[in-house]
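Before any comments, here is the structure.
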Amino acid sequence: MRRALTILLLLAPGLGLVIALMGSVFYLAVMQSFGLMNFAGESALSLSYWQTMLAEPRYWRALQYSTYIATTSSLLAVALAYPLALLLRKPFRGSLLLSALIKAPLLVPGLVAAFLFINVIAYHGVINELMVRTGLWDKPIRMQNDANGYGVIFLQLWKQMPFAFLLLSGAVQGLPEPVLLAARDLGAGTMARFRKIVLPLTANAMQASLILIFIGAAGDFSFQAAAGPTSKHSLATLMSNLQGEQGDWNSAAVVAVTLMALSLFGSAILALAVRGIQRLVR
Amino acid sequence: MHFGGFSALNGVSFTASRDEFITLLGPSGCGKTTLLNIVAGFLKPTKGSLHVDGSDLLAVPPENRDSAMCFQSYALFPHLNVADNIAFGPRQKGVKKNETVARVENLLAQLGLQLHAQKLPNALSGGQQQRVALARALAVKPGLVLFDEPLSNLDAKLRDQVRNEIRALQKQVGFTALYVTHDQAEALAMSDRILLLNNGVVEQEGSPKDIYFRPKTRFAADFIGAANIHAGRAEGGVLHTAFGPLRTADGADGDVTLVWRPEAVLLGAGAVNSLVGKVAAVAFQGAYSDVFLAAGNETVRLQVAGNLDVTAGADLQFSVAPENVISVTDGGR
């Protein structure tokens, strides 16, 4: 009993804070999505906010768009981080510099990165000016706020890939050299070694990377607001729009709950996918 | 083989016959593992060649060589069970499924691992892991099996057992073995031939008996087994040591280094090489006793069968037959 109490007390400052903050936000969002706990009006249990939102095409477009951005960004970030982590597994001349450059985006706030990016790809930005001046292009090309969200995905990769790199390089560096040599000695080529040894043994790091990036990208506001397509909302910008411009807290709460659900289910699906891959490659 | 300015191997050359058991023996840092890694293909020599049945192997990557290695740390794949570890090589080499299953079952039976087939490596003892590593290497039916100090992580009793198993399996299955160790007892017990390495060069090459009974250099005599070494100027085939005059069978003269083994002694006076020293210490070892004698600034070690009942400080007379006194060079680098 005393031991259990000690453990509980030790956990309380950390876990308690997380549960209190997470729990209260989640509770508020869920309640408000059902018309309860309104700060600016009467509170009454209602399904109408969900009914209205589920009938709105922009809601579904935002959900689809956020899912697309989060999935693509997380998969691409991990796909890019893996070879870099493997390349930098053993030190070589310049490897420290390369490693520092890869991690540099971690120091730049996302919004700053988005504005830098816009300066580069804007109609009168660096790329267009350069290409027109050198005569390679007749006139500037419109790249900013592209309809497919490529700019947002690029920014997500730029910002999120270092996280994946940090996690994966730790895992890859932890692989025992003799195990990799043994696989090679037994006839496994580069790809076979990656599929049969590296991937299963670093799956936990891959899983963590995918989940962290997915959640971050699904809830992105700043990249979407600065560089995203003007014709589409992400869930975060839709939420902001509903609450900020329309003052509709309850509908915003519906989107917030959807965003949390997307993070949860997306993470679960990615985790299961990684486990599946792990079993498949054995 | 050079690493920067350091020469790890220098002018090493040897040949191996089919089904021969060759041991690369030497102290830490002598280049034996480097040589093994070159043969495996993990390292490329600065210069030199490596031929198997007449074809040059240096351009062949490790995955395409007809060899398999047993690593010091076993290097088992931690996420695969025992059966899958053993099947890994055949699967990579494109062996048919039926044949792979048959090989795995045979090796599990041969190495007494049937009950552990579905276990992960971390559920096995050190000896069992070493057997799995051996089975995994043999599953690809390699012409050459490379052993990198495979017994160094096992306790003494298990080491004896596994070394006998390896040797028996090598004879039974039939493969050429290149075995790296720094343990001279292991090398003497297992090898057809020993390459004794020191500072990147082959100090001596020969059968275990050759190297033990006829060491050519001071290093070879000292590294393999225990040796009593006397250096000095011999006249008329006799070197005057602090224990008495020592004569060799070949009657070497001039500056000589003479070696004799601790067990090559007879207690009491002999016709020649009758020596005497004061007992410094006696260590009972069960089957024999180690007796350490001192005279002047020199000490020697005798190994006498059974329990020798002498006390420290007493004089002890012994003799060494001249044919057991070997003249060696200082050798090496």
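Chain letters run A, B, ... following the sequence lines, proteins first, then strands; residues in each count from 1. Reckoned from all heavy atoms, side chains included, excluding hydrogens, waters and symmetry mates.
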Of the non-hydrogen atoms in B:H79 and A:L201, which two are nearest, and what is the gap between them? ND1-CD2, 3.4 Å
Within the supplied structure, the quantity of interest is the number of heavy atoms (other residues, nucleotides, ligands) at a distance under 6.0 Å from B:F21 CZ; does it exceed 12? yes
Might you point out which heavy atoms bring A:A192 and B:Q92 nearest each other, and give the distance in Å? CB-OE1, 3.4 Å
Over all heavy atoms of both residues, which pair between A:R184 and B:P61 is shortest? Give the atoms and the distance, please. NH2-CB, 4.0 Å
Per-residue contact mode, A:I197 against chain B (heavy atom under 4.5 angstrom): both
Taking atom CZ as the centre, does B:F14 end up with more than 12 heavy-atom neighbours from other residues, nucleotides or ligands that are less than 6.0 angstrom away? yes
Can you find a heavy atom in the side chain of B:M69 that is under 4.5 Å from one in the side chain of A:L181? no
If I compare all heavy atoms of A:D185 with all of B:F42, which pair ends up nearest, and what's the gap? CB-CZ, 3.8 Å
Nearest heavy-atom neighbours spanning B:A75 and A:A182: O-CB, 3.9 Å
Within a radius of less than 6.0 Å around CD of B:Q161, do more than 12 heavy atoms belonging to other residues, nucleotides or ligands occur? yes
More than 12 foreign heavy atoms under 6.0 Å from CG of B:N98: is that the case here? no
Of all the heavy-atom pairs spanning B:L76 and A:V179, show the shortest one and how long it is. O-CG2, 3.7 Å
Evaluate whether atom CG of A:L96 has more than 12 neighbouring non-hydrogen atoms of other residues, nucleotides or ligands under 6.0 angstrom away. no
